[in-house]
Number of protein chains: 2
Amino acid sequence: MAKITDVARRAGVSASTVSYALSGKRPISTATRQRVEAAARELGYRPHAGARALAGRRSNVLALVAPLRAGIHVPVVMQFVASVVTAARRHDHDVLLLTQEEGEDGLRRVADTALVDALILMDVQLHDPRLPLLRTLDRPSVLIGFPRDCAGLTCIDLDFRSAGERCVEHLARLGHRVVALVGSPPEVYVRGTAFAQRVVQGFTAAADRGGLASAVHPCEATPAAARQVAERLLRDQPALTGVVVHNEAVLEPLVSAFEQLGLRVPGDLSVAAICPDELADRLHLTSVALPSAEVGERAVDLLMEKLAGGLVPEATLLQPTLNRRASTAARTTA
Amino acid sequence: MAKITDVARRAGVSASTVSYALSGKRPISTATRQRVEAAARELGYRPHAGARALAGRRSNVLALVAPLRAGIHVPVVMQFVASVVTAARRHDHDVLLLTQEEGEDGLRRVADTALVDALILMDVQLHDPRLPLLRTLDRPSVLIGFPRDCAGLTCIDLDFRSAGERCVEHLARLGHRVVALVGSPPEVYVRGTAFAQRVVQGFTAAADRGGLASAVHPCEATPAAARQVAERLLRDQPALTGVVVHNEAVLEPLVSAFEQLGLRVPGDLSVAAICPDELADRLHLTSVALPSAEVGERAVDLLMEKLAGGLVPEATLLQPTLNRRASTAARTTA
DNA sequence: GCGTGACGTCGAAGCGCTTCGACGGGGGAA
DNA sequence: TTCCCCCGTCGAAGCGCTTCGACGTCACGC
């Protein structure tokens with residue numbers, strides 16, 4: 001493996017000049033720079049990452065903590081991960097993957113050993129135990145998702161509250177007066193995952209504001225649970241005509257269940273989902289998309305800004321947009 | 001951040017003694033070692049990863065190249081990734097995540113910069129363009145999946161050929177004489193993904209051997225495609241009584257489609273799947289499980305062995321086991 | 001009593017890079 | 001013509017760790 005002194009020798013300059021020529025941190029004459037670049041190319045020179053990290057106090061690696069627990073939709077996580085990795089590469093950074101289970105020790109480890117320059121956390125809880133650590137850590141971080149209090153942190157996510165609102169408003173505008181939310185599995189609410197709760201808040205607030213009757217039903221991520229919820233919905237709210245679903249796993253079985261129960265979508269029942277756009281598109285559902293890729297990218301951008309010493313907002317909420325598809329229609333005044 | 005000299009001073013020894021005491025690479029008296037350990041603990045000492053990599057020529061980081069393309073089941077990928085990360089941590093290694101798109105350049109980059117000590121590749125093609133590179137690279141690697149020729153490499157995977165065979169043999173034993181395979185999306189075969197082809201080979205070979213009539217149908221990963229395939233199956237092979245499915249995404253819609261077409265499972269039609277066990281369990285399907293977690297772990301173990309200078313087999317094929325569930329039954333001699 | 005290992009520890013030399021201060025030379029201003 | 005400054009380059013120091021060779025000490029054997 002060629003090292004910087006090899007490149008220097010071949011270009012007929014000193015090692016420091018090579019460094020400056022390649023990093024651009026000091027002006028180097030065009031002629032010299034070109035000679036250096038040529039030498040580096042010819043030798044296939046690649047700076048040693050460890051040496052660079054040691055001398056330069058930057059590893060050019062980000063840590064990404066990805067969740068792998070029940071109740072979160074795996075493809076969404078994977079999308080995040082993929083977009084973070086891709087975005088990081090655009091900024092010449094690599095991504096070290098940590099699992100949620102590593103916990104605070106893992107974060108401290110990769111930060112203290114200077115393995116990573118900065119951290120991205122997914123699946124943040126309302127009272128996440130990692131928050132105090134993050135606030136004291138000397139390395140910048142970005143949270144995907146919102147804890148109760150994000151003072152001193154940097155958080156980004158889709159505005160789930162307004163996603164809930166948009167769905168209800170859409171149904172209200174179509175004349176629906178009785179609506180229900182089919183939500184995430186109960187454990188997701190129990191452990192205090194903010195985004196799930198925010199959807200509920202938005203849903204309820206918008207329904208109240210619009211004078212709609214509303215109900216909320218958590219739902220396990222199984223077809224059987226979907227069927228049960230469908231039945232219960234019709235029993236509890238016979239006048240129900242609009243349903244908002246925030247649970248990728250039961251989307252399809254839920255719609256099937258409704259149809260098996262004799263309800264046509266959207267003829268008798270309008271359904272709006274909060275889910276990845278690709279899924280909604282496949283099922284022809286009106287939906288608010290989860291912009292995973294965009295969130296991941298923006299998270300990396302925020303992190304880079306912080307690494308560069310810039311100031312970034314504590315909270316970044318991406319505004320949802322509702323895509324109308326075939327599953328919602330004006331209420332038929334039967 | 002405390003450094004090794006701080007620990008040395010506090011323990012009243014030299015830096016090299018600290019290094020040896022903590023690494024165990026030379027004998028150190030118990031008394032000294034304990035003083036060093038105490039000092040390190042009290043100072044919260046963490047060796048700088050870059051310095052360590054530079055001096056020790058080991059970064060303790062593995063690269064994992066994960067696919068993110070069409071036709072592969074995302075949860076399976078995620079399982080692999082998770083198990084690799086977890087297993088790596090057990091060996092005191094971290095995992096750098098690369099995307100397939102980074103391609104050969106990405107591999108060369110992380111290897112040449114000494115960012116990683118070793119590599120794990122998923123989603124290997126029969127004639128994978130990365131193979132020549134891997135063979136010449138100075139760093140060990142393990143492939144999850146098999147290329148056409150794995151000489152000089154280390155490959156591991158479930159024995160998909162025998163998975164196909166096991167399914168057919170199971171159906172044959174139950175008296176079925178006409179069987180079909182519903183496979184992966186066509187593009188998966190086109191681009192030469194070995195495991196998909198191996199299933200087909202095993203399926204066909206076992207059917208021929210047992211004198212069963214057989215047919216193979218690739219199938220897009222959509223419910224609509226599943227329905228079409230179901231219909232075509234019944235049209236093409238009216239005597240069909242056994243189906244093997246190797247396509248996670250269409251498992252559920254396919255079974256539904258059969259039932260909607262008036263066929264009871266397993267009464268009229270036996271169905272065996274090759275899919276993650278969790279999915280098969282949820283759908284009550286007889287299946288050969290995809291042991292993603294085990295494959296990931298074993299891959300890491302192999303890599304560690306190679307890093308330690310050991311010799312490992314070029315090919316490791318995990319033997320499949322068939323779990324009998326409610327979707328297969330003896331053929332009713334109607 | 002002295003030689004001989006073995007054991008435990010130390011000092012110094014790097015690992016390959018970045019960065020700081022310094023320096024030489026050429027051009028512009030006086 | 002002289003002085004000054006700036007541009008482009010160099011040398012050296014150091015980032016924090018591992019590792020090699022060496023050295024002192026103690027216990028043992030003769």
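Residue numbers start from 1 in every chain, and the chains themselves are labelled A, B, ... in the order their sequence lines are given, proteins ahead of strands.
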Original post:
Could you state the CZ-C1' distance from R52(A) to dG16(C), rounded to the nearest angstrom?
Top reply: 11 Å
Original post:
Are the side chains of V312(B) and D301(B) in touch, meaning some heavy atoms are under 4.5 Å apart?
Top reply: no
Original post:
What nucleic acid atoms does P47(B) come within less than 4.0 Å of, heavy atoms only: base, sugar-phosphate, or nothing?
Top reply: sugar-phosphate
Original post:
Looking only at atom types and distance, does a side-chain atom of E314(B) sit under 3.5 Å from a main-chain N or O of G152(B), one as donor and one as acceptor?
Top reply: yes
Subject >> Protein-nucleotide distance (I28(B), atom CD1; dT18(D), atom P), rounded to Å >> reply: 13 Å
Subject >> Nearest to side-chain heavy atoms of A55(B), which nucleotide of dC10(C), dA12(D), dT18(D) >> reply: dT18(D)
**OP:** Starting from P on dG16(D), measure out to NZ on K3(B) and report it in whole angstrom.
**Re:** 4 Å
Subject >> Rounded distance (Å) that lies between atom P of dC10(C) and atom CD1 of I4(B) >> reply: 12 Å
Subject >> Contact under 4.0 Å: K25(A) side-chain N or O vs dT18(C) OP1/OP2 >> reply: no
Original post:
Can you check whether T193(A) reaches L126(A) side chain to side chain, under 4.5 Å on heavy atoms?
Top reply: no
Subject >> Length of the line joining M1(B):CE and dC15(D):P, which is rounded to integer Å >> reply: 16 Å
Original post:
Quick one: the side chain of Y20(B) and the base of dC20(D), do they pair up donor-acceptor inside 3.5 Å?
Top reply: yes
**OP:** Kindly say whether L311(B) contributes a backbone atom to a donor-acceptor pair with the side chain of K306(B) at under 3.5 angstrom?
**Re:** no
**OP:** Examine dT18(C): is either OP1 or OP2 under 4.0 Å from a nitrogen or oxygen in the side chain of S19(A)? Give yes or no.
**Re:** yes
**OP:** Specify the separation, in whole Å, of atom CZ of R9(A) and atom C1' of dG16(C).
**Re:** 13 Å
Original post:
Counting only heavy atoms not in E104(B), do more than 12 fall under 6.0 Å of its CD?
Top reply: yes
Original post:
Starting at the 5' end of DNA chain C, which residue's closest nucleotide do you reach first, R33(B) or A51(B)?
Top reply: R33(B)
Original post:
For L54(B) and dT18(D), what is the distance between atoms CG and P respectively, to the nearest whole Å?
Top reply: 11 Å
**OP:** Classify the side chain of S14(A) versus the base of dG11(D) as yes if they form a donor-acceptor pair under 3.5 Å and no if they do not.
**Re:** no
Original post:
Taking atom P of dT19(C) as reference, at what distance in whole Å does atom CZ of R58(A) sit?
Top reply: 10 Å
Subject >> Per T32(A) side chain, nearest of listed nucleotides dC10(D), dG8(D), dT9(C) >> reply: dG8(D)
Original post:
Is there a donor on the side chain of S29(B) or the base of dG8(C) sitting less than 3.5 Å from an acceptor on the other?
Top reply: no
Original post:
Do R26(B) side-chain and dT19(D) base share a donor-acceptor contact under 3.5 Å?
Top reply: no
